[in-house]
Amino acid sequence: MSQKKVDAYKEYKKDRKKNIKKEKRKENLEKGIFVAVACVFVGWFGWSIYHQVTTKPADETSTPTATEFDMTDYMNYVSGLQSGYTE
């Protein structure tokens with residue numbers, strides 16, 4: 001090993017307790033941030049589902065309307081298809 005590496009190792013060994021505490025603190029902070037973000041995401045997801053289930057759309061409060069349309073063109077087309085296969 002070079003002298004530079006030996007000196008760096010001695011420094012690390014000398015401050016080992018401080019370094020271990022710092023690493024643990026950093027690790028715990030990262031875990032805490034992850035848990036906080038996960039809780040926010042789960043809460044938002046749950047609130048969104050609850051909000052969609054409990055709120056009534058505006059269409060349910062009004063009276064339903066019927067729509068009429070002419071099916072004669074469609075029926076003529078379908079009957080034309082059926083008559084073509086009977087030959």
Side-chain angles (χ1 to χ4, degrees):
M1 285 175 126
S2 68
Q3 188 62 37
K4 188 176 183 180
K5 287 183 181 179
V6 171
D7 291 340
Y9 179 72
K10 284 182 181 179
E11 276 298 312
Y12 176 77
K13 192 174 178 182
K14 183 174 73 171
D15 296 331
R16 187 177 300 183
K17 288 183 181 180
K18 288 181 185 178
N19 290 337
I20 290 174
K21 282 184 179 182
K22 186 185 281 186
E23 289 171 5
K24 284 184 179 180
R25 196 174 351 167
K26 183 178 177 184
E27 185 177 313
N28 288 338
L29 181 64
E30 289 173 354
K31 286 180 185 178
I33 291 172
F34 176 76
V35 168
V37 169
C39 287
V40 167
F41 178 74
V42 168
W44 171 76
F45 188 71
W47 181 82
S48 296
I49 291 174
Y50 174 77
H51 184 65
Q52 284 184 350
V53 169
T54 57
T55 56
K56 294 182 181 179
D59 295 341
E60 288 183 12
T61 58
S62 64
T63 58
T65 58
T67 304
E68 296 182 18
F69 53 92
D70 188 17
M71 293 281 295
T72 56
D73 291 335
Y74 175 73
M75 296 305 289
N76 291 338
Y77 174 73
V78 171
S79 66
L81 289 177
Q82 292 173 351
S83 65
Y85 288 117
T86 58
E87 295 177 2

Tell me whether Val78 is reachable from Met71 by hopping between hydrophobic residues (I, L, V, M, F, W, Y) whose side-chain heavy atoms are closer than 4.5 Å. yes

By salt bridge (Lys or Arg N to Asp or Glu O under 4.0 Å), which residues pair with Lys31, not counting sequence neighbours? Glu27

Yes or no on side-chain contact (heavy atoms from CB on, under 4.5 Å) for Val35 and Cys39, after CA distance, side-chain angles and deciding distance? CA-CA 6 Å; Val35 168; Cys39 287; 4.1 Å; yes

Atom pair CG/NZ of Asp15 and Lys21 - distance to nearest 0.5 Å: 12.0 Å

For the CD atom of Glu23 and the CG atom of Asn28, what is their distance to the nearest 0.5 Å? 12.0 Å

Taking only residues two or more places apart in sequence, or in another chain, which ones meet Thr72 in a side chain to side chain donor-acceptor pair (under 3.5 Å)? Asp70

Who are the salt bridge (Lys or Arg N to Asp or Glu O under 4.0 Å) partners of Glu30, not counting sequence neighbours? none

NZ/NE/NH1/NH2 to OD/OE distance under 4.0 Å, Lys14 and Glu11: yes

Which class fits the ring pair Trp44 and Phe41: parallel under 30°, tilted 30 to 60°, perpendicular over 60°? tilted

To the nearest 0.5 angstrom, please state how far the OH atom of Tyr12 sits from the NZ atom of Lys18. 14.0 Å

